[in-house]
Amino acid sequence: MGLKGPYPLSEVSFRVQPASMGVYILSRNGTEASYVGRSDFDLQQRIVSSASEGHYVAFWFDYASSPMDAYKYECELCHEYDPPDNTAHPAVPPNA
């Protein structure tokens, strides 16, 4: 695993495959993590949706092979970067 980026938010549709699982980091300045998230269904759509909720300019991402792998990866990123816009620990995927 390895995060890809940073990329400008305008490149989400070019860089991220739709209908894929994975994790992402959003940044307000392009260098520091401001928010960490994941998608168990459509990573591309989730990045766009999350980015619309803040003043973010860049993102990193990586794919995951299952919702549980995405969850574990998201947890690792949250603990590593302690992003200020995450107010709670990541939620366990449904049925996990």
Side-chain angles (χ1 to χ4, degrees):
M1 289 187 192
L3 290 169
K4 299 158 193 71
Y7 300 113
L9 280 171
S10 60
E11 296 184 9
V12 170
S13 63
F14 304 113
R15 302 279 183 179
V16 183
Q17 296 175 354
S20 56
M21 292 178 275
V23 297
Y24 61 95
I25 294 175
L26 297 175
S27 175
R28 284 190 167 76
N29 62 14
T31 60
E32 298 174 318
S34 301
Y35 181 81
V36 170
R38 80 166 191 274
S39 176
D40 299 337
F41 306 104
D42 191 335
L43 183 59
Q44 185 186 92
Q45 187 278 328
R46 183 70 178 119
I47 293 171
V48 170
S49 175
S50 292
S52 71
E53 298 173 12
H55 301 285
Y56 304 110
V57 299
F59 73 101
W60 293 258
F61 77 99
D62 197 7
Y63 299 110
S65 59
S66 71
M68 186 53 82
D69 285 344
Y71 166 71
K72 289 176 184 178
Y73 200 173
E74 181 187 23
C75 290
E76 290 172 13
L77 294 173
C78 279
H79 289 283
E80 180 176 348
Y81 293 106
D82 192 25
D85 294 351
N86 288 82
T87 57
H89 192 272
V92 177
N95 303 318

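All values derive from a computational prediction rather than experimental measurement. Index from 1, following the sequence.
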*Asks:* Side chain to side chain contact (heavy atoms under 4.5 Å, CB included), that's the test. Do Y24 and R46 meet it? Break it down for me.
*Replies:* CA-CA 9 Å; Y24 61 95; R46 183 70 178 119; 3.5 Å; yes

*Asks:* May I ask you to check whether Y7 and F59 place their ring centres under 6.0 Å from each other?
*Replies:*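 They qualify: ring centres under 6.0 Å apart.
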
*Asks:* Atom OG in S49, atom CD in Q44: separation rounded to 0.5 Å?
*Replies:*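 With rounding to 0.5 Å, OG (S49) is 12.5 Å from CD (Q44).
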
*Asks:* Tell me, with the steps shown, if D40 and Y71 meet side-chain hydrogen bond (donor to acceptor under 3.5 Å, both in side chains).
*Replies:* CA-CA 8 Å; D40 299 337; Y71 166 71; over 6 Å; no

*Asks:* Measuring from atom CD1 of I25 to atom CD of E74, what distance do you get when rounded to the nearest 0.5 angstrom?
*Replies:* 10.5 Å

*Asks:* Verify the neighbour count for atom NE2 of H55: are there more than 12 heavy atoms of other residues, nucleotides or ligands below 6.0 Å?
*Replies:* no

*Asks:* Using every non-hydrogen atom in the two residues, find where S39 and A70 come nearest and quote the distance to one decimal.
*Replies:*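 S39 and A70 have their closest heavy atoms at O-CB, 4.5 Å.
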
*Asks:* Would you sort out whether F61 and I47 count as a side chain to side chain contact (heavy atoms under 4.5 Å, CB included), showing the intermediate values?
*Replies:* CA-CA 9 Å; F61 77 99; I47 293 171; 4.3 Å; yes

*Asks:* Indicate yes or no: at least one non-hydrogen side-chain atom of C75 is less than 4.5 angstrom from one of H89.
*Replies:* yes

*Asks:* Donor-acceptor check, side chain of D62 to backbone of V23, threshold 3.5 angstrom: yes or no?
*Replies:* no

*Asks:* Should N86 and Y35 be marked as a side-chain hydrogen bond (donor to acceptor under 3.5 Å, both in side chains) after you check the CA-CA gap, both sets of side-chain angles, and the distance that decides it?
*Replies:* CA-CA 6 Å; N86 288 82; Y35 181 81; 4.6 Å; no

*Asks:* Decide yes or no for S27 and W60: does some side-chain heavy atom of the first lie under 4.5 Å from some side-chain heavy atom of the second?
*Replies:*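 Heavy-atom side-chain distance check passes, below 4.5 Å.
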
*Asks:* Indicate the atoms forming the closest heavy-atom contact of C78 with P83, along with that distance.
*Replies:*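 Nearest pair, atom of C78 first, then P83: O-CD, 3.7 Å.
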
*Asks:* Answer whether the closest heavy-atom distance between the side chains of N29 and V57 falls below 4.5 Å.
*Replies:* no

*Asks:* For residues L9 and V48, determine if any side-chain heavy atom of one lies less than 4.5 Å from a side-chain heavy atom of the other.
*Replies:*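 Counting from C-beta outward, L9 and V48 never come under 4.5 Å.
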
*Asks:* Check whether any side-chain heavy atom of L43 sits under 4.5 Å from a side-chain heavy atom of Q17, and report yes or no.
*Replies:* no

*Asks:* Start with the C-alpha distance between L26 and V36, add both sets of side-chain angles, then the distance that settles side chain to side chain contact (heavy atoms under 4.5 Å, CB included), and finish with yes or no.
*Replies:* CA-CA 6 Å; L26 297 175; V36 170; over 6 Å; no

*Asks:* Does Y56 form a side chain to side chain contact (heavy atoms under 4.5 Å, CB included) with D85? I'd like the steps, not just the answer.
*Replies:* CA-CA 11 Å; Y56 304 110; D85 294 351; 2.6 Å; yes

*Asks:* Indicate the atoms forming the closest heavy-atom contact of A58 with P6, along with that distance.
*Replies:*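 Here A58 and P6 meet closest at CB-CB, 4.3 Å.
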
*Asks:* Does the side chain of S65 reach to within under 4.5 Å of the side chain of M21, using non-hydrogen atoms?
*Replies:*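 In short, these two side chains do not touch, never coming nearer than 4.5 Å.
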
*Asks:* Within this structure, what is the NZ-OG distance for the pair K72 and S66, rounded to the nearest 0.5 Å?
*Replies:* 7.5 Å

*Asks:* Quick one: pull up CG in L77 and CG in D82 and give me the separation to the nearest 0.5 Å.
*Replies:* 12.5 Å

